[in-house]
Amino acid sequence: MEDDELEELKQMFLEECLENFELLENGLMRMGDGECSSDTLNEVFRAAHSIKGGAAGFGFNPMSELTHHMETLLDEMRSGKRSVEEVDVDLLLEALDILQEILQVCQAEGTGDHENRLALQTKLEQAVSSSEETPESTTAVSSTSEEQTPSVSSTNHWQIKFAPNPNFLQRGNNPLSLLRELARLGTLELTLNNDCIPEWSVFDPNISYLSWNAQLVSSESEETIRAIFDWVEDDCVLEITLETSSPTAPTQVDVIPSIESEKETTSKEVTPKKAEEKSDPPAKAKKSSAGAEGASIRIATDKIDQLINMVGELVITQSMLSRVGDQAGPIDVQELRERLADLEHHTRDLQESVMQVRMLPISSAFSRLPRLVRDLSKKLDKNIDLVLTGGTTELDKTVLERMVDPLVHLVRNSLDHGLENTAERAEVGKSSRGQLELSARQESGNVIIEISDDGRGINGQVILKKARERGIVQPDEELNDDQINQLIFAPGFSTAETVSDVSGRGVGMDVVRRNIVDLGGQVNVHSQLGTGTTVKIKLPLSLAILDGQLVRIADQIFVIPILSIIESMEVGQTDLSVLPGGDEVCLFRGSYLPTINVARQFQLSNSSDPRMVVIVETHLQRIGLLVDDILGQQQVVIKPLEKNYKAVNGLAGATIMSDGAVALILDPNGFGQINSVTEAA
Amino acid sequence: MTTKSNTAVSNEIAETADQYLTFLLGDGEYGVKILQVQEIKSWGPYTPLPNSPDYLLGVINLRGSIVPIIDLRIRFSLEKVEYTSTTAIIIVHVEIDSHTRIVGLVVDLVSDVHHLAQDAIQSEEEITGGPNGGYIKGLGQIGDKMVILVNLEPVVASSLASLPEVPSA
């Protein structure tokens, strides 16, 4: 039982860690950009501190040790002892990477360490000690910050020992308020000594068992500090001493005495390994997002309050309705109608709110990108400004998680292929810094994400040539600009002359497209040679509900996801032809599309000839679906067929219509597959 | 006190464990374990599934769940009949690959619930001299009528797993 609880707490801590990592990374990124307000520094420090505390509490010693070193460095920045240098920020980011990897191992195995941790700790230590004017500061890390270490002119390091007497609380004193008062004087670091806490059986809540060691960095005099404890002087033991050097240094050495000897060797090995790790961030991202599926979700309290409120309304409406039903005599139809209208209203509101619970702002996916852009632009030697807009746009948690990889990939692609370096930009008369903009917005029930850069754009002729070389496009096939641009999503297509570790293997873009289409979305690319490229992603708000177009096929109602529909038209309006072998094609915007007679495909006996053709977008291409009739549009809840039966090719699931009947939802992608199966057969 | 009520409960379970819901398919009387029966629904409209075997009629809406229905007459290669007012759907839950599936069985008529002690059931091997697909658990005698006890797991598993034939066209 106790083990279970501990395990639960551990799990909570690990989840919290992820949040703190994000805070750390965001803060560090801001620091790297030169924004080092005390707010940012404090936020970063707090995040590191909570990780350290939690990790130590649960026995994740490697984590707590590493964060301890990060904290020491951060503390110096925070107290103004050293300026925020890019090298230090890089070092801290590196430490963060290692922390994240340790966390993953911890989640999987309950404990964990990283081979590069000790080496990094040494580096951090060196960075710290170099600012303390140690003669042989080995790294170049802080040669600059050394001069800026403020002299001890006004700030002093006070070591304060504060041990309340056992009757401290009984006299109506509150140690916390005193400590809070103390913190106001400067930067305070507290160490709690709880050794005196007795067994629970003899524990007396009225007795104070705790004592504190405080390190205060402040410009105030000893009198001012003593003044705080004036009131309680007789009820406690108070020692205030002035420290001459950084108070954190000695403790830090204590923690890792055994590492000293390893220092030299490990720090040499670090570099190549690090490079390996860095080259593969998408894989890393994948790991973490896969693990997150089926995990818990944090919900804002106001969202839950809203839900409770609505359920209350629903209950009231229900009781009103049953009162109408229980009335003696004829039923008041007018009132019944009104109540039913209320019911409809509340049900719809409730549905919306429940959906809201799964919605998360897209900024949580965006937040990984600044780091990526920063690392990559350094590596590629390009100057790039990343602009993120619309981060508050909300998206279903699952969709969001599965969008992270595609987004990372598209950004990498833009950086690698799209944006030019400074020299190239100067040549064509562009501003020296490249612009990469990510924006998200909601548009008529869909979420649109756009990734646009002002780079060199896509050279259609090069693409077409490559595609012909690789046999993706037949030599005699003519394509318009739009179709050429879409070729970059074809499997096995890459235009990079050399395969770099950033991109160029040609597996990326088709995976991006597949991921998006799997989520029921669409992706398009628009590009102007020389001025830039824009990738537009259209996603459904949720996976559980979709906007459906109802169609009739062989006297049965089917649902086609509206998002995948490009256009519907009457058969008479288009040129429908039958090829030898029975396959049908229809003419749409100047090109022939494979067309599927759904009734025949599904082996449904159909008395009438199909009258309408619906053009839909699939993984691979656009296809036409022949249906009998087009009915209304409706939001439908997707119910999986696999639960009690199994997945059926060509069907995305089923839904329940307002009359209680089951309608099947067509999956245009499945038709592509059925088609290729029949072709192969 | 507690032991007494426990034995009472286990007695009850043991009692229901020998109970079978019997139904008619043509002239034959069949039975399924009552513990596997969730409910009985009257016959109604269903939605056919594309490219499915003929005995898999389609799916119905069971209070928000999509439940496939299997026509046992067709499944057991019996003569087809019209669906009438006595046609019923027995909703059963079946454990397949450690995953509980809810499936509807279309039968001509639901008749009764009977007790059949384990020793009153003649196993299939005894009669036919060999296993026969495992669809039949055994034969029981109720009054002067024979009841074929259906082994649901293999029947449902094979019905759901059988792949729709790839259209030849």
Side-chain angles (χ1 to χ4, degrees), chain A residues 544 552-559 578-579 581-584 596-606 625 636-667 670-671 673-681, chain B residues 36 38-39 41-71 75 89-106 152-153 155-169:
Chain A
R552 186 170 26 238
I553 302 162
D555 295 325
Q556 204 175 323
I557 291 177
F558 285 87
V559 182
V578 182
L579 301 182
D583 287 342
E584 281 169 293
I596 289 156
N597 187 331
V598 183
R600 199 181 309 152
Q601 190 80 53
F602 280 170
Q603 301 177 324
L604 303 170
S605 55
N606 199 2
L625 298 178
V636 299
V637 181
I638 305 172
K639 308 250 177 190
L641 282 172
E642 297 93 299
K643 196 163 170 248
N644 290 316
Y645 183 47
K646 61 180 179 193
V648 178
N649 233 346
L651 294 182
T655 191
I656 292 160
M657 309 302 293
S658 50
D659 61 354
V662 179
L664 302 173
I665 303 168
L666 297 182
D667 172 19
F671 283 108
Q673 284 159 24
I674 292 179
N675 222 24
S676 46
V677 167
T678 31
E679 270 165 28
Chain B
Q36 283 187 297
Q38 183 180 316
E39 63 188 277
K41 259 181 82 82
S42 53
W43 175 245
Y46 59 89
T47 304
L49 280 174
N51 299 333
S52 53
D54 54 354
Y55 51 79
L56 198 106
L57 296 180
V59 286
I60 56 166
N61 165 21
L62 185 77
R63 289 184 301 281
S65 297
I66 308 291
V67 172
I69 53 171
I70 299 167
D71 188 331
R75 187 73 191 83
I89 305 172
I90 304 175
I91 308 287
V92 293
H93 45 88
V94 183
E95 190 93 359
I96 298 171
D97 302 335
S98 70
H99 177 98
T100 307
R101 311 223 173 210
I102 314 276
V103 179
L105 306 174
V106 180
L152 278 180
E153 280 78 9
V155 172
V156 173
S158 64
S159 302
L160 299 190
S162 62
L163 285 165
E165 281 171 32
V166 176
S168 50

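Letters A, B, ... are given to chains in the order of the sequence lines, protein chains preceding strands, and every chain is numbered from 1.
- Proximity to chain A is absent for every atom of B/H93, based on heavy atoms less than 4.5 angstrom apart.
- Only the backbone of B/I60 has a heavy atom closer than 4.5 Å to any heavy atom of chain A.
- Not counting sequence neighbours, A/E584 has no partner by the side-chain hydrogen bond (donor to acceptor under 3.5 Å, both in side chains) test.
- In this structure, A/V648 and B/P50 approach most closely via the heavy-atom pair CG1-O, 4.1 Å.
- Atoms OH and CG, from A/Y645 and B/L49 in turn, are 6.0 Å apart once rounded to the nearest 0.5 Å.
- Per-residue heavy-atom pair counts under 4.5 Å with chain A were compared for B/G44, B/P45, B/G64, and the maximum is reached by B/G64.
- Side-chain contact between B/N51 and A/N649 is absent, with no heavy-atom pair separated by less than 4.5 Å.
- Taking CD1 of B/I96 as the start and NZ of A/K646 as the end, the distance is 11.5 Å to the nearest 0.5 Å.
- Minimum interatomic distance between A/N644 and B/I66 (heavy atoms only, all atoms of both residues): ND2-O, 3.1 Å.
- Considering every non-hydrogen atom in both A/K643 and B/S65, the closest pair reads NZ-OG, 4.3 Å.
- What you find for B/R101 and A/E642 is that their closest heavy atoms are NH1-O, 3.0 Å.
- Proximity to chain B is absent for every atom of A/I557, based on heavy atoms less than 4.5 angstrom apart.
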